[in-house]
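Every chain is numbered from 1, with letters handed out A, B, ... down the list of sequences.
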Amino acid sequence: MFGLVDCNNFYASCERAFNPSLNGKPVVVLSNNDGCVIARSNEAKVIGIKMGVPAFHIKELVHTHNVKVFSSNYALYGDMSVRVMSILTEQVPEIEIYSTDEAFILLEGIRNLTNVGTNIVNKVTQGTGIPVSLGIAPTKTLAKIANKFAKKYPAYDKVCIIDTEEKRIRALQLTEITDVWGIGKKQASKLGQQGVKTAYDFTQISGTWVRKNMTVVGERTWKELKGISCIDMEKAPPPKKQICTSRSFGKMIEYFDPMAEAVATFASACARKLRQQNAYAMSLMIFIHTNNFREDLPQYWRNTIVKLPIPTADTLEIVHYALEGLKNIFISGFQYKKAGVIITEITEVAQLGLFDTINRAKRERLMQAIDKINGNYACHIKLAIQGVVQEWRLKQEQLSHCYTTDINEIITINCK
DNA sequence: TCTGGGGTCCTAGGACCC
DNA sequence: TCTGGGGTCCTAGGACCC
């Protein structure tokens with residue numbers, strides 16, 4: 001059996017874990033640049049704040065209901081995620097970390113699934129302060145559905161198990177097709193034309209139709225819903241095939257210098273991510289564009305690919321080539337809103353060059369030292385070109401403390 | 001005034017090869 | 001009048017996920 005552990009309202013719960021005065025109050029977390037809503041506590045859902053709405057649309061709701069609003073604090077959420085996952089790892093023989101706030105677990109040969117499941121859920125909440133729900137079923141797709149039931153209905157007490165045909169069919173009948181893992185907007189509307197409204201309806205249409213109209217991907221979902229497991233556990237996360245760092249700016253950029261700061265910063269972040277998976281970049285893509293929401297302003301979209309002579313994970317080199325690329329596409333006279341760097345070709349082996357002039361052993365030691373000082377999130381050490389003021393930086397007006405990753409921001413307790 | 005970011009997988013179609 | 005067939009590789013774009 002597969003289990004799916006999902007943290008409830010993860011980002012909002014992280015904010016609460018270190019700030020209990022938020023309990024019982026509506027809490028929302030905003031995307032980068034305080035743009036739109038990406039997490040909501042149950043109280044915030046009840047008063048009608050929808051996922052993904054721009055922050056400025058909910059101003060009134062925030063005011064009338066005294067909603068607590070936070071900028072996203074990825075250092076905090078990332079670290080809390082590590083804590084949740086490490087507790088899970090201790091509990092089960094096999095775990096697949098599916099996203100920051102979700103993990104599949106393997107539950108084989110267990111007699112009392114309810115007890116074991118409840119125990120897992122309680123351990124995580126006790127150890128981290130994050131409430132979680134667990135869905136258990138014979139396939140991953142069904143486990144996802146079971147998890148939704150565990151969340152939605154308090155009677156399940158955080159653990160829902162689909163272990164009989166009756167329960168499977170009942171669950172599918174109560175699940176709208178749009179709520180099925182793997183069925184997005186497009187497929188849902190295609191299925192709607194076939195009269196499919198629920199997950200159960202979907203399992204009743206012919207396999208050949210599904211294969212023909214929804215490719216192997218749709219067919220896999222169709223089988224999984226029927227109880228035939230097609231998606232296995234992935235023990236180790238496969239190495240990334242692409243690494244990307246991009247941001248919208250807090251303030252539009254007009255000139256080359258601040259754009260160079262931003263691109264250097266993104267390239268440097270990519271290099272750090274590369275080294276974390278012991279890989280090397282073979283080529284980079286650099287892109288810049290204006291704000292496409294501003295129809296009143298002239299628009300410009302451009303990207304360029306730079307091939308690297310020798311595969312590298314060296315920040316200095318990657319930044320150098322990223323800036324070369326930027327020079328090729330940057331034109332003044334536009335208000336730029338966003339830029340990014342994508343490592344498009346990644347290799348695990350560094351093929352050295354015959355005419356290489358860089359002392360790579362030395363540079364590797366330098367990178368190791370920088371990574372050690374900076375850790376996973378901080379930027380204590382950076383290149384001068386990344387800038388000091390960084391006026392293009394994210395807007396983060398409601399940022400909470402990095403309670404778990406910054407010694408200056410740990411929680412303090414007054415004992416009077 | 002203000003609309004996120006980082007990924008994966010699959011398919012179709014073109015280029016190219018013998 | 002007559003104009004092959006089979007294969008691989010790459011890329012762009014679509015769809016999906018959290």
Ignoring backbone atoms, establish whether A/S248 has a side-chain N or O less than 4.0 Å from OP1 or OP2 of B/dG5. yes

Starting at CD1 of A/I97 and ending at C1' of B/dG6, how long is that distance when rounded to a whole Å? 17 Å

Expected string for nucleotides 7-18 of chain C under the B/S/- scheme (protein heavy atoms, under 4.0 Å, primed atoms plus P, OP1, OP2 as sugar-phosphate) is --------SSSS

Could you give the NE2-to-C1' distance, from A/H57 to B/dC2, as a whole number of Å? 9 Å

A/Q396 CD to B/dG5 P: how many Å, rounded? 11 Å

Between A/R272 (side chain) and A/T315 (backbone), is there a donor-acceptor pair under 3.5 Å? no

Quick one: stems for DNA chain C, with Watson-Crick or G-U pairs under 3.5 Å, at least three in a row? B:5-18 with C:5-18

Using the closest heavy atom to pick a nucleotide of DNA chain B for each, name whichever of A/R294 or A/R211 lands nearer the 5' end. A/R294

Taking atom C1' of B/dG5 as reference, at what distance in whole Å does atom CG of A/D34 sit? 15 Å

Answer with base, sugar-phosphate or nothing: what part of the nucleic acid does A/V216 contact at a heavy-atom distance below 4.0 Å? sugar-phosphate

Return the value, rounded to whole Å, for the distance between atom CG of A/L297 and atom P of B/dT1. 12 Å

Show me the side-chain donor-acceptor pairs of residues 119-138 of chain A shorter than 3.5 Å, one per line, residues at least two apart or across chains.
{"from": "A/N122", "atom 1": "ND2", "to": "A/T118", "atom 2": "O", "distance (Å)": "3.3"}
{"from": "A/T125", "atom 1": "OG1", "to": "A/V121", "atom 2": "O", "distance (Å)": "3.1"}
{"from": "A/T125", "atom 1": "OG1", "to": "A/I130", "atom 2": "O", "distance (Å)": "3.2"}
{"from": "A/T128", "atom 1": "OG1", "to": "A/V124", "atom 2": "O", "distance (Å)": "2.7"}
{"from": "A/T128", "atom 1": "OG1", "to": "A/I130", "atom 2": "N", "distance (Å)": "3.1"}
{"from": "A/S133", "atom 1": "OG", "to": "A/N8", "atom 2": "OD1", "distance (Å)": "2.8"}

Mind checking A/K337 for me? I need base, sugar-phosphate or nothing, with any heavy atom below 4.0 Å counting as a touch. sugar-phosphate

Please determine whether a side-chain nitrogen or oxygen atom of A/R247 lies at a distance below 4.0 Å from atom OP1 or OP2 of B/dG6. yes

According to a strict under-4.0 Å criterion, is A/K338 in side-chain N/O contact with OP1 or OP2 of B/dG5? yes

Between A/C244 and A/T215, which residue's closest nucleotide on DNA chain B lies nearer the 5′ terminus? A/C244

Would you mind reading off the distance between A/F249 atom CZ and B/dG5 atom P, rounded to a whole angstrom? 10 Å

Rounded to the Å, how far apart are A/Y74 OH and B/dG4 P? 11 Å

Spacing of the P atoms in C/dC18 and B/dT3 (rounded, Å): 25 Å

Which atom pairs, one a donor and one an acceptor, fall under 3.5 Å between side chains of residues 45-69 of chain A and the rest of the protein, sequence neighbours left out?
{"from": "A/K45", "atom 1": "NZ", "to": "A/N9", "atom 2": "OD1", "distance (Å)": "2.7"}
{"from": "A/T64", "atom 1": "OG1", "to": "A/E60", "atom 2": "O", "distance (Å)": "2.9"}
{"from": "A/T64", "atom 1": "OG1", "to": "A/L61", "atom 2": "O", "distance (Å)": "3.4"}
{"from": "A/H65", "atom 1": "ND1", "to": "A/L61", "atom 2": "O", "distance (Å)": "3.4"}

Which pairs, with at least one residue in residues 87-104 of chain A and sequence neighbours excluded, count as a side-chain hydrogen bond (donor to acceptor under 3.5 Å, both in side chains)? A/E96-A/K140, A/Y98-A/W181, A/S99-A/D101, A/E102-A/K144

Sequence neighbours excluded, the answer for side chain to side chain contact (heavy atoms under 4.5 Å, CB included) partners of A/R294 is A/M252, A/N291, A/D296, A/L297

